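Small disclaimer: the values here were computed from a predicted structure and weren't measured.
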Amino acid sequence: STEVRLYSPNDVPFEVTEAVFVEGRRKSVAQIDVVTRPSKDGGYTLIATPRPPYPTQTGSLSGVVRIRTTHPDLPELEVRVIGFYKGKN
């Protein structure tokens, strides 16, 4: 899994209402689930983990994590995701 921390650029309080992985143009066998949790310091932690079933071959994935928030200046943002995986037999 991988974690990303998200903070308000201007200290305006906000909430994350949705965070989903959106696959890029090249389809991949691997998929990602994204969970959000409020951080103690006022931001959010986004945790991306692989979704079963896990691929049996080696490959790559790309796309974005689309994040929707209640922030007045940043209602939606995207974080680019690029990854490689080694399949499990």
Side-chain angles (χ1 to χ4, degrees):
S1 67
T2 299
E3 292 186 9
V4 174
R5 296 219 166 55
L6 186 64
Y7 298 96
S8 174
N10 52 6
D11 296 325
V12 172
F14 72 99
E15 293 181 12
V16 172
T17 59
E18 181 182 39
V20 295
F21 176 68
V22 179
E23 195 169 34
R25 291 184 306 211
R26 300 175 94 189
K27 298 297 180 194
S28 171
V29 177
Q31 295 294 308
I32 295 174
D33 286 323
V34 182
V35 175
T36 60
R37 294 192 179 120
S39 298
K40 294 177 184 176
D41 55 6
Y44 276 80
T45 301
L46 283 69
I47 304 163
T49 56
R51 179 187 312 151
Y54 303 113
T56 56
Q57 73 271 17
T58 299
S60 63
L61 64 88
S62 67
V64 295
V65 172
R66 184 170 295 138
I67 305 160
R68 292 197 169 111
T69 76
T70 60
H71 194 287
D73 299 327
L74 298 166
E76 184 173 296
L77 18 124
E78 293 183 344
V79 176
R80 183 101 171 103
V81 176
I82 300 173
F84 299 94
Y85 52 87
K86 184 174 180 181
K88 292 184 175 184
N89 292 332

Least distance between heavy atoms, [X] atom then [Y] atom:
X     : Y     : result
Thr49 : Ser1  : CG2-CB, 3.2 Å
His71 : Asn10 : NE2-OD1, 3.0 Å
Pro50 : Pro52 : O-CD, 3.8 Å
Glu23 : Ala30 : OE2-O, 4.5 Å
Phe14 : Leu6  : CZ-O, 3.9 Å

Heavy-atom side-chain contact between [X] and [Y] under 4.5 Å:
X     : Y     : result
Asp33 : Val35 : no
Arg66 : Glu18 : no
Leu74 : Pro9  : yes
Leu61 : Phe21 : yes

Handout entry: Counterpart residues, side chain to side chain contact (heavy atoms under 4.5 Å, CB included), relative to Asp41 (two or more places apart)
Key = Tyr7, Ser39

Exercise for the section: Pick out which of Val4, Leu77, Val20 makes a side chain to side chain contact (heavy atoms under 4.5 Å, CB included) with Ile67. Expected result: Leu77

Problem - Verify same cluster id: Tyr85, Val65 (apolar side-chain graph, 4.5 Å) - result: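 Yes.
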
Problem - Tyr44-Val79 co-clustered via ILVMFWY side chain contacts under 4.5 Å - result: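 Cluster IDs for Tyr44 and Val79 match.
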
Donor-acceptor check, side chain of [X] to backbone of [Y], threshold 3.5 angstrom: yes or no?
X     : Y     : answer
Arg51 : Ile32 : yes
Arg80 : Gly63 : yes
Ser8  : Pro13 : no

Practice task
Please determine if Glu3 and Arg5 form a salt bridge, counting it only when a charged side-chain N lies under 4.0 Å from a carboxylate O.
Solution key: yes

